[in-house]
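Predicted, not measured: the structure shown is a model, and the values here were computed from it.
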Amino acid sequence: MAHKTLVGGTAYNIVGGKSLVSGTAYNIKKGRTLVGGTGYDINFEKEATAMLYDNGDFAFQRSDDVESGKTLVASYTGFEENSYSSASAVPWNAQQANIKNAYCIEEVAPANISYWFANCKNLISFNSSNFNMSNVSSMRNTYYNCRNLTGSPICGDNVKDMAYAYCNCKNLTGAPICKDNVTSIQHTYENCINLTGSPVLGRNVTYMSYAYRNCFRLTGSPKVGDKVSEMAYAYYNCTNLTGAPATGGMTSLMNYAYYNCTNLTGSPVCGSYARYLQYAYYNCYNLTGSPVCPETVINMAYTYENCTNLTGSPVCGNNVTTMRNTYVNCRNLTGSPVCGSNVTDMSQAYRMCYNLTGSPVCGDKVTNMYCTYVGCSNLTGSPACGDKVTDMWGTYYNCHNIIGSPVCGNNVTTMSNTYYNCRKLTGSPACGSNVLNMYCAYYGCWNLNGNPICGSNVTNMAFTYYYCNHLTGSPVCENNVTNMSYAYYMCQNLTGSPVCGNNVTNMCNAYYGCKNLSGNGYFYSANINNARGCFGIKNNSKRLTIYVPSGSTTLTTILYNNTSSLVGSAITWTNASTGTYYYNTAYNLYIYPVTNVAAARAANGD
């Protein structure tokens with residue numbers, strides 16, 4: 001309270017109590033105008049004092065009297081009138097670790113209790129008897145990180161700001177509280193893992209991001225008021241909430257709002273002002289009804305991932321830029337896939353949505369189609385790929401029913417698993433000029449016809465045309481390829497001669513089952529260290545002559561005569577009498593070591 005000397009004729013605010021004596025100093029507050037020389041009865045109110053004792057007791061009172069039997073560590077004043085904008089500004093901040101039990105011996109009536117007990121990790125209890133909260137407007141960070149605080153939360157009728165008030169108070173029990181004047185409950189009960197009862201929300205709340213994050217013992221239905229504009233992470237991991245999700249009419253932030261709320265039922269909702277929906281309903285696998293996305297939304301990453309009971313058709317607004325994982329495992333969605341005109345990222349957007357029908361789509365701005373339609377086995381129509389796409393890893397993996405010809409944009413760098421098991425594709429394979437990886441690109445596409453293709457920058461052809469037994473023409477392998485294992489496995493209709501680029505090291509089963517290959521083959525690489533089964537189950541009526549660098553690792557590898565041999569079983573090589581080549585008549589194979597493979601090819605006129 002203010003401490004002044006009364007001056008005759010001066011106006012003072014006072015409260016009733018005792019007679020004033022001219023020239024005497026009093027602590028006074030509130031009341032009426034003093035007239036010089038007149039006697040008044042007033043309450044002589046002493047300043048509020050906080051007393052910290054060595055046993056951790058922290059007492060609020062209106063005197064500096066030390067409690068009997070206790071040892072005083074420190075005392076503090078000025079807190080009843082002052083406001084604090086950080087924990088370090090609070091008078092007793094240096095004693096945070098030593099405060100254990102707080103209580104009021106006499107009434108204390110502060111206007112602001114922000115940060116009062118922030119980071120008091122050893123605070124166990126606060127007895128709020130005699131603690132007058134009628135004037136408190138802010139509880140921001142009041143009990144932040146009080147991990148050992150027990151009991152139930154409190155909130156004054158005039159509190160407006162409860163942000164972080166009980167954040168990380170993991171031993172709080174009872175039900176949450178939020179009065180009607182509160183406007184912000186951001187992070188208020190975050191990580192209060194032992195709170196029970198149902199969530200509450202004052203009618204004036206506008207900010208509730210992280211409000212009940214990880215309060216997994218809360219039950220009942222989620223609450224969201226009409227004035228709420230931000231609810232990011234509001235009910236994140238509240239796994240025992242039931243009922244239907246809610247949203248405010250003004251809400252723009254819904255990212256992670258109901259993340260892992262596995263027991264929510266009903267249909268997803270989204271206000272007309274929503275912009276961010278990433279992870280909003282992630283793992284809400286008991287939601288039913290159809291997905292929603294108003295035109296205001298710009299981010300749908302992971303929005304409905306694992307919402308396995310959603311039905312209806314997928315949606316995507318025209319302002320959405322990312323659909324990463326949007327509908328992963330939404331296995332009961334039907335209808336056709338969609339893609340907004342501004343989407344750039346479609347990675348895993350419809351992964352395992354195996355009841356979708358219709359044709360795949362890809363927006364003009366899309367750059368990432370990583371695993372976009374993996375397991376969408378009921379999609380029909382032709383594959384799509386926009387000009388800006390760079391990543392087609394697994395794009396149409398196991399899309400058994402897509403038809404037409406494969407496509408690949410010129411900016412694509414990876415085709416690993418792109419058309420894996422797309423059994424109904426026809427036409428010729430495609431490969432953009434910038435592709436580096438063709439691992440399993442056309443694995444099991446047994447209805448492809450036309451000639452195989454390999455981009456000049458490709459380094460990995462492992463399993464590229466595995467079991468593409470309707471391909472015709474000659475095999476290809478560009479000079480940057482290092483791995484050809486199983487590249488043309490069981491491509492029975494290929495003709496011409498086998499090839500191998502300058503940098504190949506692995507040819508395990510590369511031409512296994514390619515029964516129509518014959519003539520002269522040229523293995524340019526000197527570093528092949530695995531050729532097991534390269535010509536397994538070849539047509540022994542057709543002669544194959546292979547030219548390899550003399551004195552090389554490749555020659556040593558090819559002349560293996562055990563189960564790691566060129567044909568995958570024991571083989572005996574005969575060294576010609578001239579010593580210039582090796583042969584095996586049973587398999588009709590001839591190996592010619594030469595100083596320069598390219599020169600040999602030119603000399604043969606091939």
Main-chain N/O of A274 paired with S252 side-chain donor or acceptor, under 3.5 Å: no
Side chain to side chain contact (heavy atoms under 4.5 Å, CB included) between Y233 and S209, intermediate numbers included: CA-CA 6 Å; Y233 294 83; S209 293; 5.9 Å; no
Y467 vs Y489 side-chain heavy atoms within contact, under 4.5 Å: yes
Donor-acceptor pair, side chain of T326 and main chain of M300, under 3.5 angstrom: yes
Y164, OH atom: more than 12 neighbouring heavy atoms under 6.0 Å: no
Flag, side chain of N411 to backbone of T390, donor-acceptor distance under 3.5 Å: no
Considering only distance and modelled atom types, tabulate donor-acceptor pairs under 3.5 Å from the side chains of residues 306-317, sequence neighbours left out.
from, atom 1, to, atom 2, distance (Å)
N306, OD1, N329, ND2, 2.8
N306, ND2, N283, OD1, 3.3
N309, ND2, Y285, O, 2.7

Validation row: Y189, I177 side chains within 4.5 angstrom (heavy atoms): yes
Straight-line distance of S405 OG to L425 CG, nearest 0.5 Å: 7.5 Å
Minimum side-chain heavy-atom gap N378-L356 below 4.5 Å: no
Minimum-distance pair of heavy atoms, taken over all atoms of D391 and T414: OD1-CG2, 2.9 Å
Side-chain (T395) to main-chain (M369) donor-acceptor, under 3.5 angstrom: yes
Any side-chain heavy-atom pair of V136 and C155 under 4.5 Å: no
NZ/K160: more than 12 non-hydrogen atoms of other groups inside 6.0 Å: no
Ring center gap for Y350 and Y327 short of 6.0 angstrom: yes
Partner set under side-chain hydrogen bond (donor to acceptor under 3.5 Å, both in side chains) for N401, not counting sequence neighbours: K424
Stepwise side chain to side chain contact (heavy atoms under 4.5 Å, CB included) check, Y143 with F126: CA-CA 10 Å; Y143 298 101; F126 178 65; 3.2 Å; yes
From Y279, Y236, Y302, Y276, residue fulfilling side-chain contact (heavy atoms from CB on, under 4.5 Å) relative to N255: Y276
Pair S88, S86: side-chain N/O donor-acceptor within cut-off below 3.5 Å: yes
Between K227 and N204, a side-chain donor and acceptor under 3.5 Å: yes
Interatomic distance, N145 atom CG to K121 atom NZ [nearest 0.5 angstrom]: 5.5 Å
OH on Y282 to CD on Q278, rounded to 0.5 Å: 14.0 Å
Reference residue Y419; test ring pair (Phe, Tyr, Trp, His ring centres under 6.0 Å); the match among Y442, Y373, W446, Y397: Y442
Residues, nucleotides or ligands: over 12 heavy atoms within 6.0 Å of N171 CG: yes
Validation row: V320, C293 side chains within 4.5 angstrom (heavy atoms): yes
Side-chain (N181) to main-chain (D157) donor-acceptor, under 3.5 angstrom: yes
Those residues that, when tested against N194, pass side-chain hydrogen bond (donor to acceptor under 3.5 Å, both in side chains) (two or more places apart): R217
Flag for E305-N325: side-chain donor and acceptor within less than 3.5 Å: yes
L172 to C192 - nearest heavy-atom pair and separation: CD1-SG, 4.5 Å
Shortest non-hydrogen separation from S198 to P176 and the atoms involved: O-CG, 3.4 Å
Value rounded to 0.5 Å, distance of CE in M438 from OG1 in T464: 5.0 Å
From N122 atom CG to Q96 atom CD, the distance as rounded to the nearest 0.5 Å: 10.5 Å
Polar side-chain atom of S377 near backbone of C399 as donor-acceptor pair, under 3.5 Å: no
Other residues, nucleotides, ligands: >12 heavy atoms within 6.0 Å of D364 CG: no
Derivation and outcome, side-chain hydrogen bond (donor to acceptor under 3.5 Å, both in side chains), residues W393 and S416: CA-CA 5 Å; W393 202 106; S416 177; 3.1 Å; yes
Polar side-chain atom of N506 near backbone of N483 as donor-acceptor pair, under 3.5 Å: no
Any donor-acceptor N/O pair, T142 side chain to I113 backbone, under 3.5 Å: yes
Close side-chain approach of N119 and Y144, heavy atoms under 4.5 Å: yes
Sub-4.5 Å side-chain heavy-atom contact between C339 and V366: yes
Check: T344 side chain, T321 main-chain N or O, donor-acceptor pair, under 3.5 Å: yes
Minimum heavy-atom distance P222-T242, with the two atoms named: CD-O, 3.5 Å
Donor-acceptor contact below 3.5 Å, side chain K223 vs main chain S221: yes
Parallel, tilted or perpendicular, as decided by the 30° and 60° cut-offs, for the rings of F463 and Y486: parallel
Side-chain touch R213/Y235, heavy atoms, less than 4.5 angstrom: no
Side chains of S114 and S138, donor plus acceptor under 3.5 Å: yes
Side chain to side chain contact (heavy atoms under 4.5 Å, CB included) between E230 and Q186, worked out: CA-CA 9 Å; E230 297 179 8; Q186 289 174 296; 3.7 Å; yes
Contact summary for P291 and L333, nearest pair of heavy atoms: CD-CD2, 3.9 Å
Evaluation steps, side chain to side chain contact (heavy atoms under 4.5 Å, CB included), between R275 and N299: CA-CA 7 Å; R275 288 174 58 80; N299 192 332; over 6 Å; no
A163 to D161 - nearest heavy-atom pair and separation: N-OD1, 2.9 Å
Rounded distance [0.5 Å steps], OG1 in T188 versus CE in M139: 9.0 Å
